Asker: 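Got a structure for you, written out below as structure tokens; questions coming shortly.
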Amino acid sequence: MKQNKPLILTDYLSVGEENAITTKELSRLFGWCERDITIQINALRKKGEFICSGANGFWLPADDRDIEQFVRQMQGRIKDMQRAMKPAIEYLKNGGGDIDRE
């Protein structure tokens with residue numbers, strides 16, 4: 001009896017940005033929603049997989065420059081999130097209180 005090999009997301013990623021595959025295409029291939037694809041990509045990254053991403057989709061790095069670009073991109077996201085959190089952090093540091101919604 002032939003056993004089905006489990007679908008492994010990285011099997012569908014190619015090397016180089018020019019070979020990127022979109023979230024939409026991965027979603028179609030796996031039968032998952034696009035959010036689940038991004039969750040799985042993030043989980044793989046946390047396990048040590050180098051998976052690059054950009055406007056064209058996801059790909060495996062061709063060289064160190066791809067990994068450097070990925071790191072810069074993630075650092076930019078972190079800085080942006082920190083800027084977004086800053087007002088809430090300051091509010092809480094100042095004792096919080098009632099939020100004026102008028």
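As the structure is a computational prediction, the values presented were derived from the model and not from experiment.
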Asker: Holding to side chain to side chain contact (heavy atoms under 4.5 Å, CB included), I want the full list of residues that pass it with F50, two or more places apart in sequence or in another chain.
Answerer: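 Scan of F50 (side chain to side chain contact (heavy atoms under 4.5 Å, CB included), adjacent residues dropped) gives P61, I67.
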Asker: To the nearest 0.5 Å, what is the distance between CG (D36) and CG (L26)?
Answerer: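 Spacing of CG (D36) from CG (L26) equals 12.0 Å.
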Asker: To the closest 0.5 Å, what do you measure between CD1 (I51) and CD1 (I41)?
Answerer: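 Answer for the CD1-CD1 pair, I51 versus I41, is 4.0 Å.
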Asker: How many angstroms lie between atom OH of Y12 and atom CD1 of I21, to the nearest 0.5 angstrom?
Answerer: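 So the gap between those two atoms works out to 9.0 Å.
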Asker: Which residues pass the side chain to side chain contact (heavy atoms under 4.5 Å, CB included) test with A62, sequence neighbours left out?
Answerer: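 Checked A62 against side chain to side chain contact (heavy atoms under 4.5 Å, CB included); matches are V15, D66.
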Asker: Report the distance from atom CD1 of I37 to atom CZ of R35, rounding to the nearest 0.5 Å.
Answerer: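 Separation between the atoms: 11.5 Å.
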Asker: Would you kindly confirm whether V71 and M74 end up in one hydrophobic cluster when ILVMFWY residues are joined by side chain heavy atoms under 4.5 Å apart?
Answerer: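 Cluster IDs for V71 and M74 match.
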Asker: Cut-off 3.5 Å, no hydrogens considered: what does the side-chain donor-acceptor table look like for residues 75-87, sequence neighbours left out?
Answerer:
none

Asker: For D63, check salt bridge (charged side-chain N to carboxylate O under 4.0 Å, His left out) against everything at least two apart and list the hits.
Answerer: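 Partners of D63 by the salt bridge (charged side-chain N to carboxylate O under 4.0 Å, His left out) criterion, ordered by chain and then number, come out as R65.
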Asker: Only pairs at least two apart or in different chains count here, so list each side-chain hydrogen bond (donor to acceptor under 3.5 Å, both in side chains) that has a residue in residues 39-48.
Answerer: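 Only R45-S53 qualify under side-chain hydrogen bond (donor to acceptor under 3.5 Å, both in side chains).
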Asker: So which pairs with a foot in residues 14-26 pass side-chain hydrogen bond (donor to acceptor under 3.5 Å, both in side chains), sequence neighbours left out?
Answerer: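 Pairs touching residues 14-26 that pass the test: E25-R28.
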Asker: Should L44 and F58 count as side-chain neighbours, where that means a heavy-atom distance under 4.5 Å?
Answerer: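 No. Closest side-chain heavy atoms not under 4.5 Å.
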Asker: Grouping I, L, V, M, F, W and Y whenever their side-chain heavy atoms are under 4.5 Å apart, do L60 and F30 come out in a common cluster?
Answerer: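 Same hydrophobic cluster.
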